[in-house]
Amino acid sequence: MPELPEVETVVRQVRPQVVGRTIVAAQVFGRDVLARGTPRAFCAALVGRRITAVRRRAKYFVLDLDDGRLLVGHLRMTGRLYVAREPDPKRTRARFDLDDGRLLLFTDVRKFGRLQLARTLDEALPALGPEPLDGELDGAWMAAALAARRRLLKPLLLDQSFVAGLGNIYVDESLHRAGLHPLRSSDGVPRQRAFALADAIRSVLSAAIAAEGSSFDTFYRTPEGRPGAFQDEFAVYGRDGQPCRACGALIRRIVVGQRGTHFCPRCQPAPRGAARKAHMRRRT
DNA sequence: CAAGACTCCTGACGGC
DNA sequence: TGCCGTCAGGAGTCTT
């Protein structure tokens, strides 16, 4: 699903196609496309605006407009943002006609994605943790941040107010690279492992961006229409029952916080009592 | 503060 | 073959 690497790929590929272009018409289709405001005001505010930049914050994409306002969107599960010559009547939730005759489309099969117009990023976005690739998220930061909380690693890393941009796939992959079990408590992580986790997050995300993201189902495609390639490098995600590429033990899948969670029982040793907890969760 | 449940939505998939 | 139940998952909200 679109996480940081996928959104970064979208932004990089859409940017050269729309920067400098002016929106000559805007339409919104269906309910709940907009996180805030009315379709009428949204569309009226966009017509005539020139797009001056395209960027990413966490899993949000941001289009800067020449009047200083921002078009902010989230792809959630199945959203796509891309430039096309022809509309996609079935899935399109918002359509922006550009002055070169092409269309900037926001499509979304499952309709969880949202758009909004804002004057500042702070106005549009909830509280977000640091960007993993901006330098702030280093070993020292991670060690202090983990120690300051008492939460299971898996849901903590999914929490966007802790670290921005990670989703289910890259949390599982990062924990495996760091040798940390998803059910471990954050305050029990040794300092050395916290440093390893910071490194793991950065290296997994960088590798995934280089591969243009992950496509393991029919949903995520780059704006240019290609699947990503990082699914070929998954160490644990979706590999339950298959041997760990590092040690040969069979990858396991459990549910943590209502999320499918994949790990290697040998590379990521369980904390005390974790097996019992997982067992009880499955029974209830 | 932590954590679980629930909600939104629809294509894909397993079972019979 | 075809119908139907179940699942997946980001993030907000509500409850325990």
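All values below come from the heavy atoms of this structure, side chains included, with hydrogens, waters and symmetry mates left out. Quick note on labels: first sequence line is chain A, next is B, and so on, each numbered from 1. Treat the numbers as computed from the prediction; the structure is a model and nothing was measured.
Listed for the R202(A) side chain is a donor-acceptor partner under 3.5 Å among the backbone atoms of L137(A). Looking at T38(A), its side chain does come within 3.5 Å of a backbone N or O of A41(A) through a donor-acceptor pair.
Under a 4.0 Å N-O distance rule, the pair D199(A)/R177(A) does not qualify as a salt bridge. Between E8(A) and R55(A) there is no salt bridge, since no side-chain N of the basic residue sits under 4.0 Å from a carboxylate O of the acidic one.
Between the C1' atom of dG4(B) and the CG atom of L158(A) lies a distance of 14 Å, rounded to the nearest Å. Between the CZ atom of R114(A) and the P atom of dT7(B) there is a distance of 17 Å, rounded to whole Å. Rounded to whole Å, the distance from NZ on K111(A) to P on dC8(B) is 13 Å. Distance CG (D32(A)) to P (dC9(B)): 7 Å, rounded to an integer number of Å. Between the CG atom of D159(A) and the P atom of dA2(B) there is a distance of 9 Å, rounded to whole Å. In this entry the distance linking CG of L156(A) with P of dA2(B) reads 8 Å, nearest Å. To the nearest angstrom, P of dA3(B) lies 11 Å from CZ of R149(A). One atom, CG of D187(A), and another, C1' of dA2(B), lie 12 Å apart when rounded to the nearest Å.
Each of dC6(B), dC9(B), dT10(B) was ranked by its minimum atom distance to the side chain of F112(A); first place goes to dC9(B).
The shortest distance between the side-chain N/O atoms of R151(A) and the OP1/OP2 oxygens of dA3(B) is below 4.0 Å.
Between H176(A) and F263(A), a ring centre-to-centre spacing not shorter than 6.0 Å is recorded.
At a threshold of 4.0 angstrom between heavy atoms, the contacts of P126(A) are confined to the sugar-phosphate backbone, with no base atom among them. Q258(A) comes within 4.0 angstrom of a base, heavy atoms only.
Computed from C1' positions of five pairs at each end, the angle between the two local axes of the helix from dA2(B)-dT16(C) to dC16(B)-dG2(C) equals 50°, rounded to 10 degrees.
The hydrophobic cluster containing F195(A), built from Ile/Leu/Val/Met/Phe/Trp/Tyr side-chain heavy atoms closer than 4.5 Å, comprises no other residue.
Inspection of the E6(A) and Y170(A) side chains reveals an N or O donor paired with an N or O acceptor under 3.5 Å. Side-chain atoms of R102(A) and Q17(A) form a donor-acceptor pair, as typed in the model, at a separation below 3.5 Å.
Of the two residues contacting DNA chain B, namely A148(A) and F219(A), the nearest-nucleotide position lying further toward the 5' end is that of A148(A).
Chain A approaches DNA chain C over the interval dA8(C) to dG12(C), counting the first and last nucleotide 5' to 3' with an atom under 4.0 Å from its heavy atoms.
Two residues are said to be in side-chain contact when any heavy atoms from C-beta on lie closer than 4.5 Å; K111(A) and R76(A) fail this criterion.
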